[in-house]
Amino acid sequence: MEPSITRAILRSFFKKLDQAAELDVALVGAGPSALMAARVLAAAGRTVALFERRLAPGGGVWGGGMLFNEVVLPADLAPLLDELGVAHEPAGEGLVTADSVELAATLIVAARRAGALVFNAVTVEDLVVRTDRVAGLVINWAPVVRQQMHVDPICVAARAVVDATGHPGEIVRLASQKGGLQLETPSRGVPGERSMWAEMGEVAVVQHTGRVCPGLYVCGMAANQVGGGYRMGPIFGGMLRSGRKVAELILNDLADA
Ligand code: 48F
């Protein structure tokens with residue numbers, strides 16, 4: 001039986017990897033904004049894959065606030081939580097709370113069920129670039145990168161790449177510093193995020209979500225790196241709205257192309 005188990009895994013995995021070789025959208029990181037974006041894009045019929053360096057997708061949701069495993073969301077997102085099937089409780093001041101483990105797990109399942117491919121334990125270590133645009137990702141196993149093993153990566157092509165790497169904003173920095181691409185950001189660079197101001201951060205993260213150069217988009221906390229927005233801590237409305245916004249922008253751009 002063991003050979004059958006092995007072959008079953010290899011066949012299924014390489015089918016997924018083969019589908020990911022040429023994508024409509026490749027998302028870097030599988031935090032809340034990326035999972036939300038992947039769900040919307042895949043539900044619209046686009047080929048989508050998330051590449052996440054950790055074993056568990058879900059990014060910063062699991063740990064709630066300081067490992068107290070609850071998160072806060074604006075109450076106007078209650079219908080979205082209901083649609084996803086995430087239980088929530090009123091918390092006053094227009095807020096609700098939700099169990100962070102339930103929210104993380106549900107966002108992952110929702111993205112998968114919509115048809116998004118998920119590659120965990122995979123690090124995006126570079127971009128594929130053409131003269132003026134991002135054209136795909138350079139990927140390797142996260143443990144290989146962590147161990148600094150001298151192993152060449154492989155690449156996936158994508159019509160749109162999304163930097164959803166959270167606070168580091170790694171991919172936008174790579175595009176500008178190594179890829180030599182002109183960023184269309186207000187400062188033409190990556191000013192970095194600002195200190196905590198929850199209300200302002202929630203608004204800014206959505207406002208700064210968008211295209212940063214041809215083929216490259218940014219969402220979630222990485223958008224606040226690019227736009228110089230405030231951080232907001234364990235409130236996740238902006239992340240979900242940002243993911244939805246980047247997905248809608250990409251769907252429009254791909255339809256126009
Ligand atoms: O940080 P993260 O959860 O992204 P997000 O969608 O959400 C931010 C919130 O969790 C929180 C917050 C809310 O108020 O401020 O921080 O912006 O998830 C980012 C994911 O990207 C992965 C990383 O492991 C994490 O799970 N990641 C980062 N760089 C890479 C990567 C990379 N180069 N390759 C693959 N995955």
Side-chain angles (χ1 to χ4, degrees), residues 20 26-40 49-67 69-74 77 95 98 100-101 103-104 107-108 111 118-127 136-146 153 155-156 158 161-175 178 192-206 208-209 216-227 229-247:
L27 294 119
V28 187
S33 61
L35 288 165
M36 185 70 195
R39 175 177 183 250
V40 174
L50 295 138
F51 298 89
E52 168 57 55
R53 70 153 58 105
R54 292 189 205 153
L55 200 50
V61 178
W62 298 103
M66 211 180 108
L67 287 183
N69 66 358
E70 287 284 320
V71 292
V72 170
L73 295 118
L77 286 183
L95 301 172
S100 64
V101 174
L103 180 64
L107 289 172
I108 298 165
V118 180
F119 295 94
N120 55 341
V122 170
T123 292
V124 174
E125 58 169 61
D126 208 342
L127 291 167
L137 301 179
V138 178
I139 59 169
N140 213 329
W141 293 116
V144 166
V145 176
R146 199 173 302 132
C155 302
V156 297
V161 163
V162 182
D163 183 342
T165 60
H167 292 274
E170 283 183 32
I171 301 304
V172 175
R173 288 178 204 281
L174 262 176
K178 198 170 170 190
E193 72 183 27
R194 303 179 72 182
S195 294
M196 184 77 78
W197 188 350
E199 293 97 318
M200 295 290 280
E202 279 278 275
V203 174
V205 74
V206 183
H208 298 309
T209 294
L216 180 61
Y217 298 76
V218 67
C219 73
M221 216 44 223
N224 271 0
Q225 288 286 340
V226 161
Y230 294 91
R231 66 185 303 187
M232 75 292 290
I235 177 162
F236 282 81
M239 294 305 137
L240 302 187
R241 292 189 222 275
S242 168
R244 190 158 56 192
K245 178 178 173 185
V246 82

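Numbers here are sequence positions counted from 1. Numbering of ligands and ligand atoms starts at 1, following listing order. Not measured: the values here are computed from a predicted model.
Around atom 15 (O) of ligand 1, the closest heavy atom drawn from R54, M36, H167 belongs to H167. In this comparison of R53, M232, E125, the heavy atom closest to atom 31 (C) of ligand 1 sits on R53. Around atom 17 (O) of ligand 1, the closest heavy atom drawn from M221, E193, E202 belongs to M221. Closest to atom 12 (C) of ligand 1 by heavy atom, among G233, G166, P168, is G233.
R194 is not listed as a side-chain neighbour of M200, based on a closest heavy-atom distance of 4.5 Å or more. Considering only heavy atoms from C-beta on, T123 stays 4.5 Å or farther from W141 through its side chain. Here the side chains of L240 and L107 are in contact, with some heavy-atom distance below 4.5 Å. D126 has its side chain within reach of K178: a pair of non-hydrogen atoms, C-beta onward, lies under 4.5 Å apart. For the pair H208/V226, no side-chain contact is recorded, criterion being any heavy-atom separation below 4.5 Å from C-beta on. By the 4.5 Å heavy-atom criterion applied to side chains, L127 and L137 are counted as neighbours. Using a 4.5 Å heavy-atom cutoff, the side chains of V28 and F51 are not in contact. Residues L95 and I235 have side chains in contact (heavy-atom distance under 4.5 Å, counting atoms from C-beta outward).
The protein non-hydrogen atom at the shortest distance from atom 19 (C) of ligand 1 is A164 O, 3.4 Å. Looking from atom 34 (N) of ligand 1 to the surrounding protein, the closest heavy atom is V124 N, 3.0 Å. The single protein non-hydrogen atom nearest to atom 9 (C) of ligand 1 is F236 CE2, 3.6 Å, given as residue, atom name and distance. Among protein heavy atoms, the minimum distance from atom 8 (C) of ligand 1 is reached at M239 SD, 3.7 Å. Looking at atom 24 (O) of ligand 1, its nearest protein heavy atom turns out to be E52 OE2, 2.6 Å. Here the heavy atom of the protein found nearest to atom 28 (C) of ligand 1 is T165 CB, 3.6 Å.
Geometrically, ligand 1 and I171 share no nitrogen or oxygen pair separated by less than 3.5 Å.
Listed by number with element, the atoms of ligand 1 under 4.0 Å from a non-hydrogen atom of G60 are 2 (P), 3 (O), 10 (O). Near E170, meaning under 4.0 Å from one of its heavy atoms, ligand 1 places the atoms 29 (N), 32 (C), 33 (N). Atoms of ligand 1 found under 4.0 Å from any heavy atom of V122, numbered from 1 in the order shown, are 35 (C). Numbered from 1 in the order shown, with element, the atoms of ligand 1 that lie under 4.0 Å from a heavy atom of G29 read 20 (C), 21 (O), 22 (C), 36 (N). Every atom of ligand 1 with a heavy atom of F51 under 4.0 Å away is listed here by number and element: 35 (C), 36 (N). Those atoms of ligand 1 that come under 4.0 Å of a heavy atom in G220, given as number and element, are 17 (O). Listed by number with element, the atoms of ligand 1 under 4.0 Å from a non-hydrogen atom of T123 are 34 (N). Each of the atoms 5 (P), 6 (O), 17 (O) of ligand 1 lies under 4.0 Å from some heavy atom of S33.
In this structure, CZ in R53 is found 13.5 Å from CG in N120, a value given to the nearest 0.5 Å.
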- Message: Under the criterion side-chain contact (heavy atoms from CB on, under 4.5 Å), I'd like the reasoning laid out for R241 against L77: C-alpha separation, chi angles, the key distance, then a yes or no.
- Response: CA-CA 9 Å; R241 292 189 222 275; L77 286 183; 3.5 Å; yes
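With hydrogens and angles disregarded, no donor-acceptor distance shorter than 3.5 Å links the side chain of N69 to the backbone of S100.
Among the candidates V124, L216, L27, the single residue satisfying the side chain to side chain contact (heavy atoms under 4.5 Å, CB included) test with V161 is L216.
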